[in-house]
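Notes follow once the structure below has been shown.
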Amino acid sequence: MNVRALLNKRIGAALSQASGADSPAAVQPASRPEFGDYQANGIMGAAKRIGMNPRELAAQVVAAATVDDLAEPLEIAGPGFLNITLQGSFIATTLAAEAPLSAGINRQTVVVDYSSPNLAKEMHVGHLRSTIIGDAMARVLEALGHTVIRQNHVGDWGTQFGMLLAHLHDVSDADQSNELADLEVFYRAAKGRFDSQPEFAARARAAVVGLQSGDPDAQAQWQRFIDVSLAHCEEVYQRLGVALSRTDLAPESSYNDSLPTIVATLEQQGLIEESDGALCVFLDQFTNKQGDPLPVIVRKSDGGYLYATTDLAAILYRTSSLNADRVLYYTDARQGLHFRQIFAVASAAELAPEGMLLEHHPFGAMLGADGKPFQTRAGGVVRLTELLDEAETRARQLVAEKNPDLDEAEQSEIARVVGIGAVKYADLSKNRTSDYVFDWDQMLSFEGNTAPYLQYAYSRIRSLFRRGDIDADSFAAEISPTEPQEHKLGVALLRLPEVLEQVAAEGFPHYLCAYLYELATTFTQFYEACPVLSADEPVRSSRLALCNHTARTLKRGLGLLGIETVERM
RNA sequence: GCACCCGUAGCUCAGUUGGAUUAGAGCACCGGUCUACGAAACCGGGGGUCGUAGGUUCGAAUCCUACCGGGUGCGCCA
């Protein structure tokens, strides 16, 4: 149950009735503990609009609002705030009921376009943010009951594959597996020859033509290369715990056949102009350096198509074949203009129906501690496999330091969960729109808003149940919050649904991280103040139930971020 | 030149779409808590004219305008 939405509804209704106009109640969690659990801010604004004294209006709202089944009597405060404190019994029954997260959700079919690496090379840190953030969003949307269709729009087509195929052609069959084991090296070798050997470059271009015209040999070689590259990606996805499989693939090449149709459609609509031999769509709202209209080029002067055309084809596919209500694109911020243009063209050409939501959710760059783009010491790209290796190595050292008594296998497993979780959480916990600084020490710290801190909080609760010899899965007891820390923890536990809905609406997983961190700190405050196992019944059972609920919420929340937990660490 | 994003504590970041005469966390710094329901934790302290200057109003880190500073993008790569 979304308590915030419920309060908005109830108080909003009273406000509309009292003010005679539709006004949002603007309920949000209280900014300070002395103001209760939630506060309604909407009364001042409504009073201004109708020229009424805000405190008078507040009094009428209090009289008209029916909240006595969930809250203590509403309090008017300051210039016209309403302070809301939830009843302990409401907290208890709501937590006990455990309504599904999908309750009350207007279900949509949502396409989430994420990861989308270029298959010509190995996955590197540039792919990390899209992969992690997109995956978390897909999980959250799914948990809320939406139909989520993951789309991994991998780059498997284009001129660069010509040189890769030409180079592959020169390698004996026996050596191919070896050569392709390191795609980064392979790519550099091919690129080196392309730039320095005219004969090779010519063959590379010929290979592109062969590929595009459906030459069986070229196709077979290409397919082989793609398979190897995809296997690399899947290895990374598996290690990251990212739920992308071959069925989620929507490679660029899959749109090849529909590209001429897209251009023809645009032509029929009279949107196409020819400029220097290229077919373009000009839209007034986009201008170039000279202030002239900026084209979206959909077909090059040599007849080839571009990613703009492919993206338009993808929009058509997603609306007509996938029946998407909403499409979310997780790509870096530099592509912002591209997507604004593509969405505008799609709208002008009516490729997407009116109500369909196309949203680019951009993110900033990953920077090193020096504030410059995150690179290896040599200045090269950091491969994801290497990054994840280092995360596990560093976590392994920490585990060995902190808990040397655990056996080797368990230490390794904990290191894996903590190391990978730390990398993912560091990214997810920051506002995705800005650049972020990648800092090993910060993300692996057990202090502050980090994955290890949350995982630790979880493992402490599990430890409590072990110590008490209580089976958490079958444990059930009524929660009756009496101490302030118990009340605060109960309210925090109720907030998961409203936070998830906000994440889904705005595409910001860091809201969920902030929530989980707050939940964990609220829990430790409770845990410091309120003895559990040594308490007398029924307080003991009530507190155990709070602990159990907290552990489940932490695990569930982290799970929605794609982060695992361990029973001890 | 135009467009988009961003300037918040020494550092890394929040700030729920305009809310509460004390702008929050975590690092780092200073000082307290363990013969442990896990100290991998907790409690307290110092540290900010929210880039600058105006404006809008009961009320601004948040909205508007102009500057300053940083990042990114702007015709046949993706």
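All chains are named by letter (A, B, ...) in the order of the sequence lines, taking the proteins before the strands, and each is independently numbered beginning at 1. Bear in mind that the values here come from a model prediction, so they are computed numbers and not experimental data. Scope of the values below: all heavy atoms of this structure, side chains included, with no hydrogens, waters or symmetry mates.
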Counting side-chain heavy atoms from CB outward, which of B/rC76, B/rA41, B/rC13 is closest to A/Tyr436? B/rC13
Which part of the nucleic acid, if any, lies within contact of A/Arg299, taking any heavy atom under 4.0 Å across all strands shown: a base, the sugar-phosphate backbone alone, or nothing? nothing
Are A/Glu564 and A/Arg416 ion-paired here, with the side-chain N under 4.0 Å from a carboxylate O? yes
RNA chain B nearest-nucleotide lookup for A/Thr159 and A/Phe81: closer to the 5′ end is A/Phe81
Closer to the 5' end of RNA chain B via nearest nucleotide, is it A/Tyr453 or A/Tyr307? A/Tyr453
For RNA chain B, which residues of residues 522-532 of chain A approach it to below 4.0 angstrom with any heavy atom? A/Thr524, A/Gln525, A/Tyr527, A/Glu528, A/Cys530, A/Pro531, A/Val532
Between the side-chain atoms of A/Asn83 and the base atoms of B/rA20, is any donor-acceptor pair under 3.5 Å? yes
Kindly state whether the ring of A/Phe194 and the ring of A/Tyr187 have centres lying under 6.0 angstrom apart. no
Indicate, with yes or no, if the rings of A/His338 and A/Tyr307 have centres closer together than 6.0 Å. yes
Would you mind reading off the distance between A/Leu406 atom CG and B/rA40 atom P, rounded to a whole angstrom? 13 Å
Among B/rA78, B/rG73, B/rA14, the one nearest any side-chain atom of A/Leu337 is B/rG73
Would you say the base of B/rA40 and the side-chain of A/Tyr456 have a donor-acceptor pair closer than 3.5 Å? no
Could you check whether the rings of A/Phe161 and A/Phe225 sit parallel, tilted or perpendicular, using 30° and 60° as the cut-offs? perpendicular
Residues at least two apart in sequence or cross-chain that pass ring pair (Phe, Tyr, Trp, His ring centres under 6.0 Å) with A/Tyr517, listed by chain then number, are A/Tyr453
Respond yes when some side-chain nitrogen or oxygen of A/Arg32 is under 4.0 Å from OP1 or OP2 of B/rG24, and no when none is. no
A/Ala278 near the nucleic acid: base, sugar-phosphate alone, or nothing, with a heavy-atom cut-off under 4.0 Å? base
Between B/rA78, B/rG19, B/rA3, which nucleotide gets closest to the side-chain atoms of A/Gln28? B/rG19
Are the aromatic rings of A/Phe374 and A/His124 close, with centres under 6.0 Å apart? no
Sidechain-backbone polar pair: A/Thr309 side chain, A/Leu259 backbone, donor-acceptor under 3.5 Å: no
Its glycosidic angle compared against 90° from 0, B/rC34 adopts the form syn
From A/Phe523 atom CZ to A/Gln485 atom CD, the distance as rounded to the nearest 0.5 Å: 12.5 Å
Find the distance between CG (A/Leu428) and CG (A/Leu560) and round it off to the nearest 0.5 Å. 11.5 Å
Of all the nucleotides listed (B/rA20, B/rC76, B/rA40), which has the minimum atom distance to the side chain of A/Lys402? B/rA40
Please determine if A/Glu483 and A/Lys488 form a salt bridge, counting it only when a charged side-chain N lies under 4.0 Å from a carboxylate O. no
Here the helical stems involving RNA chain B, each at least 3 consecutive Watson-Crick or G-U pairs closer than 3.5 Å, sorted by first residue number, are B:1-5 with B:70-74, B:10-13 with B:24-27, B:29-33 with B:41-45, B:51-55 with B:63-67
Strand-adjacent residues in residues 491-513 of chain A, judged by heavy atoms under 4.0 Å from RNA chain B: A/Gln502, A/Glu506, A/His510, A/Tyr511
Check residues 274-281 of chain A and write down every donor-acceptor pair under 3.5 Å in which the side-chain atom is one partner and the other belongs to a residue at least two apart or another chain.
none

Measure from the side chain of A/Arg340, starting at C-beta and using heavy atoms only, and say which of B/rC77, B/rA3, B/rG15 lies closest. B/rA3
According to the interplanar angle, ranging from 0 to 90°, do the rings of A/His510 and A/Phe508 count as parallel (below 30°), tilted (30 to 60°) or perpendicular (above 60°)? perpendicular
Aromatic ring proximity A/His360/A/Tyr329, centre distance under 6.0 Å: no
Take the protein atom CZ of A/Phe161 and the nucleotide atom P of B/rC77, then report the distance between them rounded to whole Å. 16 Å
Has A/Tyr517 got a side-chain N or O lying under 4.0 Å from the OP1 or OP2 atom of B/rG15? no
For a quick check, with a 4.0 angstrom heavy-atom cut-off, what is the B/S/- contact string for nucleotides 55-61 of chain B, read 5' to 3'? ---BB--
In Å, rounded to the nearest 0.5 Å, how long is the span from CD of A/Gln151 to OH of A/Tyr317? 5.5 Å
From CH2 of A/Trp157 over to P of B/rC77, roughly how many Å is that when rounded to an integer? 17 Å
Indicate, with a heavy-atom threshold strictly under 4.0 Å, whether A/Asn431 touches base, sugar-phosphate, or nothing. sugar-phosphate
Think A/Lys372 has a side-chain N or O under 4.0 angstrom from the OP1 or OP2 of B/rG71? no
When we call it a touch if two heavy atoms are under 4.0 Å apart, what does A/Thr310 touch: a base, just sugar-phosphate, or nothing? nothing
Atom OG in A/Ser115, atom CD1 in A/Ile132: separation rounded to 0.5 Å? 10.0 Å
Are A/Ser463 and B/rG38 close enough that a side-chain N or O sits under 4.0 Å from OP1 or OP2? yes
